[in-house]
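A short write-up of the structure that comes next.
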Protein chains: 2
Amino acid sequence: MGVTKTNLFTEDQNKIAAFAKAFAHPARVAILQKLKEINSCYNGDLVVDLGLAQATISQHLKALKEVGVIKGTISGTSVSYCIDPIVWKELNEEMNSLFSLDFGCGSEDCC
Amino acid sequence: MGVTKTNLFTEDQNKIAAFAKAFAHPARVAILQKLKEINSCYNGDLVVDLGLAQATISQHLKALKEVGVIKGTISGTSVSYCIDPIVWKELNEEMNSLFSLDFGCGSEDCC
DNA sequence: TTACTTCATTGCAATATTACGATTAATAAA
DNA sequence: TTTATTAATCGTAATATTGCAATGAAGTAA
């Protein structure tokens with residue numbers, strides 16, 4: 001059916017999945033890296049930088065905004081984008097909690 | 001066109017995106033959490049645990065295997081799954097590198 | 001006002017993903 | 001051998017995603 005059965009999973013699991021989706025496309029990874037790299041608001045030309053059509057990039061930015069990882073403010077003719085520090089931190093913690101625990105399979109009787 | 005233009009991006013960006021896809025569905029998050037939780041090989045019944053059809057779960061497991069995060073060995077009637085420690089570590093580092101750097105936007109003249 | 005610029009939105013087409021029933025393959029148990 | 005049992009695969013349907021041209025909206029500059 002192509003539709004995720006969200007109700008089967010915990011809120012946490014759905015949240016992690018939603019966050020992960022933000023990184024699940026190289027263009028969005030590239031955008032986020034750019035925003036981090038410049039270490040502040042971005043005013044450059046993502047269309048030139050990424051090589052995708054303007055409409056496509058706008059769509060990716062929208063997706064990132066919907067997850068909340070980035071925010072943008074209109075300033076005159078152009079829009080400035082930057083990472084939302086609060087959400088970024090939450091994302092970071094969410095990911096850390098996934099990776100934090102040790103796990104086995106170091107034992108030889110395993111897989 | 002529904003097809004990602006992989007060639008426009010760096011190998012690293014594509015890799016991160018591929019890894020992120022492993023987490024981009026709550027069922028796969030649930031599976032990975034389960035594998036970590038039990039801290040070794042899994043022989044339980046994911047169908048009962050997750051509430052999805054057997055075919056669907058098999059599909060998710062295949063996806064995870066293709067990324068390399070998990071591995072499975074056939075032992076008699078059933079298959080044991082566990083996280084691949086090597087790939088898991090790589091994944092962890094990849095994610096850390098994304099989140100590691102500080103970024104601005106703390107300044108008030110920003111967004 | 002009339003361009004011009006820039007980003008968002010709309011409307012498509014192509015492809016990918018999610019889900020499941022049915023089938024198949026492989027082993028274990030009788 | 002026959003009969004479970006278990007997981008992978010196939011086929012199909014529904015929905016989501018990706019990408020872009022065209023258009024729209026809102027400002028700037030002339």
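A note on names: the letters A, B, ... follow the listed sequences, proteins ahead of strands, and every chain is numbered from 1.
Considering only side-chain atoms of His25(A), the nucleotide from dT18(D), dC7(C), dA16(D) that sits closest is dT18(D). Among dT17(D), dA22(C), dC20(C), the nucleotide with an atom closest to any side-chain atom of Leu52(B) is dC20(C). With dT9(C), dC10(D), dG19(D) as the choices, the nucleotide that has an atom nearest any side-chain atom of Ala55(A) turns out to be dT9(C).
Between Glu90(B) and Lys15(B), at least one side-chain nitrogen of the basic residue sits less than 4.0 Å from a carboxylate oxygen of the acidic one, meeting the salt-bridge criterion.
Between Val47(B) and Leu52(B), every side-chain heavy-atom pair lies at or beyond the 4.5 Å cut-off. In this structure the side chain of Asn92(A) never reaches within 4.5 angstrom of the side chain of Met95(B), judged on heavy atoms.
Rounded to whole Å, atom P of dT6(C) lies 10 Å from atom CD of Gln54(A). Going from atom CD1 of Ile31(B) over to atom C1' of dA7(D) covers 13 Å, rounded to whole Å. Nucleotide dA19(C) holds its C1' atom 13 Å from the CG atom of Leu50(B), rounded to whole Å. Rounded to whole Å, atom C1' of dT5(D) lies 16 Å from atom CG of Leu46(B).
Within the 4.0 Å cut-off from OP1 or OP2 of dA8(D), at least one side-chain nitrogen or oxygen of Tyr81(B) is found.
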Could you list the donor-acceptor pairs under 3.5 angstrom formed by side chains in residues 17-29 of chain A, with sequence neighbours left out?
from	atom 1	to	atom 2	distance (Å)
His25(A)	ND1	Ala27(A)	N	3.0
His25(A)	NE2	Thr4(B)	OG1	3.2
Arg28(A)	NE	Lys21(A)	O	3.4
Arg28(A)	NE	Ala22(A)	O	3.4
Arg28(A)	NH1	His60(A)	ND1	3.0
Arg28(A)	NH2	Lys21(A)	O	3.0

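When all heavy atoms of Gly68(B) and Val87(B) are compared, the closest pair comes out as O-CG2, 3.3 Å.
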Audit row: Gln59(A), Thr56(A), side chain to side chain donor-acceptor pair (under 3.5 Å) steps and yes/no | CA-CA 5 Å; Gln59(A) 214 168 6; Thr56(A) 307; 5.2 Å; no
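Residues from residues 56-66 of chain A that place a heavy atom under 4.0 Å from any atom of DNA chain D, listed by number: Thr56(A), Gln59(A), His60(A).
Summary of the strand contacts: Gly51(B) and Lys21(B) both lie near DNA chain C, and taking for each the nucleotide with the nearest heavy atom, the more 5' one is attributed to Lys21(B).
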